[in-house]
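Per chain, numbering begins at 1; letters A, B, ... match sequence-line order.
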Amino acid sequence: MTSKLQKNFYLRDDVVGISRELLGKVLCAKTNGGLTKTIITETEAYAGEIDKASHAYGGKRTKRTEPMFGEGGIAYVYLCYGIHHLFNVVTNKAGSPHAVLIRGGKPLSGTDLMLKRRKKTVVDKSLLGGPGSLARALGITTENTGTSLIGGSIWIEDHGIVIDDDAVTAGPRVGVDYAGADAELPYRFIAKGVQ
DNA sequence: CGAATGATATACT
DNA sequence: GTATATCATTCGA
């Protein structure tokens, strides 16, 4: 059974709960003429204005973070360190800059295309190991920021994969040391045994 | 462990 | 309008 996640999934105000539920879901991207699918195994929640690690902390609204302030159900893609594209799913209603960063996944379909984009020949965990690599393998770029996840070229499917609570690790986020105490929040979710 | 690399935010003139 | 500091990272040594 497969079904595409609908808008009401993204509109809830529990961004941490959504991050947890996205584990095991399938991220699909039809970019550059090719279709790729990946099972989401690692996510991170960014709780907008109350979260120092978020670009939108304190309700800061800029041209770059604009998509996060929009309605849930769209993509927010940001170029980080001049090299890496990071893919986020915007959640909550318009005006609440919540988002879920997709940090890792496992190839499901379109593997050849991912290998080609990463210039690799074998599938290993470095293919989708990390937010920058994952976005590159899926062909996601900043061009895709603001794209709708309902009816756009990027969407998320539910394949009926259930990740048991025992298989979920919640922990502090990485790479956000500058956020001080907020970097310690257990907003990071990893699905064990799927990777 | 350290460099690469470029858009963006912020603080200036 | 122009300048500089900073970054939700990765790869290679």
Looking at residues 131-147 of chain A, who's got a heavy atom less than 4.0 Å off DNA chain B?
-> none
Using a heavy-atom cut-off of 4.0 Å to chain A, what are the terminal contacting nucleotides of DNA chain B, in 5' to 3' order?
-> dA4(B) to dT10(B)
Same apolar cluster (I L V M F W Y, side chains within < 4.5 Å links), Y57(A)/Y78(A) = no
Under a 4.5 Å side-chain heavy-atom rule over Ile, Leu, Val, Met, Phe, Trp and Tyr, are V174(A) and F189(A) clustered together?
-> no
Checking S96(A) side chain against H98(A) main chain: does a donor-acceptor pair fall under 3.5 Å?
-> no
Sorted by position of nearest nucleotide on DNA chain C, 5' first, the leading residue of Y178(A) and S126(A) is Y178(A)
Rounded to the Å, how far apart are K119(A) NZ and dC11(C) P?
-> 13 Å
May I ask you to say what Y76(A) touches in the nucleic acid, namely base, sugar-phosphate or nothing, with a heavy-atom cut-off under 4.0 Å?
-> base
NA contact type, R118(A), heavy-atom cut-off 4.0 Å: base, sugar-phosphate, or nothing?
-> sugar-phosphate
Given atom CD1 of I102(A) and atom C1' of dA8(C), what is their separation to the nearest angstrom?
-> 13 Å
Separation of atom NE2 in H85(A) from atom C1' in dC7(C), rounded to whole Å = 15 Å
Using whole Å, report how far CG of L128(A) lies from P of dC11(C).
-> 12 Å
Can you tell me how far C1' of dT10(C) sits from CZ of R117(A), to the nearest Å?
-> 19 Å
Any cation-pi pair here, R12(A) with F9(A), using under 6.0 Å and within 45°?
-> yes
Whole angstrom value for the distance that separates P of dA8(C) from CG of D177(A) = 11 Å
Mind calculating the distance between OH (Y78(A)) and P (dC7(C)) to the nearest angstrom?
-> 9 Å
Sort out the partner of dA7(B) for me: Watson-Crick or G-U wobble, both distances under 3.5 Å, none otherwise.
-> dT6(C)
Same hydrophobic cluster for M68(A) and I102(A), using side-chain heavy-atom links shorter than 4.5 Å among ILVMFWY?
-> no
So what does R173(A) hit on the nucleic acid, given a heavy-atom distance under 4.0 Å: a base, only sugar-phosphate, or nothing?
-> nothing
Report whether V15(A) and F87(A) are members of the same hydrophobic cluster (ILVMFWY, side-chain heavy atoms less than 4.5 Å apart, transitive linking).
-> yes
Spell out, as yes or no, whether a donor-acceptor pair under 3.5 Å connects the side chain of D124(A) to the backbone of S126(A).
-> yes
Tell me, yes or no, whether the heavy-atom count around K120(A) atom NZ, taken from other residues, nucleotides or ligands under 6.0 Å, exceeds 12.
-> yes
What is the distance, rounded to the nearest whole Å, between atom CG of L127(A) and atom P of dC11(C)?
-> 10 Å
Output yes when D164(A) and K192(A) qualify as a salt bridge under the 4.0 Å nitrogen-oxygen rule, no when they do not.
-> no
Taking only the side-chain nitrogens and oxygens of H84(A), find out if one of them lies under 4.0 Å from OP1 or OP2 of dA8(C).
-> no
